[in-house]
Amino acid sequence: DAPSAAALARVLLPEDGDARVSAAHRLVWSLFADDPDRRRDFLWREDGGGAFGDSGWNGLGVSNSPGGGMVGGTIGYNWQGMGSPWVFGLEGDVDWSGVSDSTTCGAFTCQTKNTWFGTVRGRVGYAWDRFLPYVTGGAAFGDIKASRNGFAGSSDTNAGWTVGVGVEGVIAGNWTAKLEYLYADI
């Protein structure tokens with residue numbers, strides 16, 4: 001049973017100016033929804049980017065735990081099928097890192113420092129309207145500098161892997177905020 005002309009007009013020319021969804025998404029929704037007048041939940045199908053800050057805190061309680069902070073940006077794309085709560089995404093991030101640690105090496109002090117860090121990850125989540133818990137994993141990259149006072153140091157760009165979990169929520173329109181935990185081995 002096809003939607004009525006009035007229902008299609010509301011979809012193609014919305015009076016409410018709802019910026020969350022493009023006209024194409026509205027058209028698809030009206031064609032496949034069980035009722036053209038049914039209000040749709042938030043759809044996690046967007047590309048976008050943003051900025052973030054986090055810490056390099058190690059919560060394991062070991063005596064030589066690295067610490068510091070990170071500031072950077074992220075970009076990604078999410079896809080959610082119509083009528084499905086499952087969200088699939090791909091994202092990349094890169095940041096300046098001030099995470100470091102030092103320890104005594106005999107009569108010297110040895111220091112390691114991560115100067116930049118980035119990831120390319122997939123993620124899978126289950127959406128409850130504007131709330132999205134997810135798991136993520138992929139490749140991790142970073143520059144590790146090692147030095148010992150009185151001697152020349154070295155710097156290497158390393159590649160490894162990362163896994164994590166997070167939750168993301170809609171603040172307003174397409175603006176979201178997320179809390180994420182990543183374990184990285186570089």
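Only a predicted model underlies this, so the values are computations on that prediction, with no experimental measurement involved.
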Between F117 and A184, the two heavy atoms sitting closest are CZ-CB, 3.7 Å
Distance-only side-chain donor-acceptor flag, D93 / T119, under 3.5 Å
yes
The criterion is side chain to side chain contact (heavy atoms under 4.5 Å, CB included); which residues satisfy it with P85, sequence neighbours excluded?
Y126
Report yes if the side chains of V87 and E168 come closer than 4.5 Å at any heavy-atom pair, otherwise no.
no
What's the spacing between R123 CZ and L90 CG if we round to 0.5 Å?
10.5 Å
Shortest non-hydrogen separation from S102 to T109 and the atoms involved:
CB-CG2, 4.0 Å
Of N158, T162, T157, which is the lone residue that meets side chain to side chain contact (heavy atoms under 4.5 Å, CB included) with I186?
N158
Take atom CG of L179 as the centre, draw a 6.0 Å sphere, and report whether it contains more than 12 heavy atoms from other residues, nucleotides or ligands.
no
Y77 and W86: same hydrophobic cluster, using ILVMFWY side-chain contacts below 4.5 Å?
yes
Counting distance only, does the side-chain N/O of T176 pair as donor-acceptor with the main-chain N or O of G169 below 3.5 Å?
no
Those residues that, when tested against E180, pass side chain to side chain contact (heavy atoms under 4.5 Å, CB included) (two or more places apart)
E91, R121, Y134, T136, K178, L182
How close do D95 and G118 get, counting heavy atoms only, and between which atoms?
OD1-N, 4.4 Å
So OG of S84 and CH2 of W79: to nearest 0.5 Å the spacing works out to 7.0 Å
Nearest 0.5 angstrom please: D143 CG to K113 NZ, how far?
10.5 Å
Closest contact, heavy atoms only, I171 versus A177:
CD1-CB, 3.5 Å
Are V120 and W96 grouped together when hydrophobic residues (ILVMFWY) are joined by side-chain heavy atoms under 4.5 angstrom apart?
no
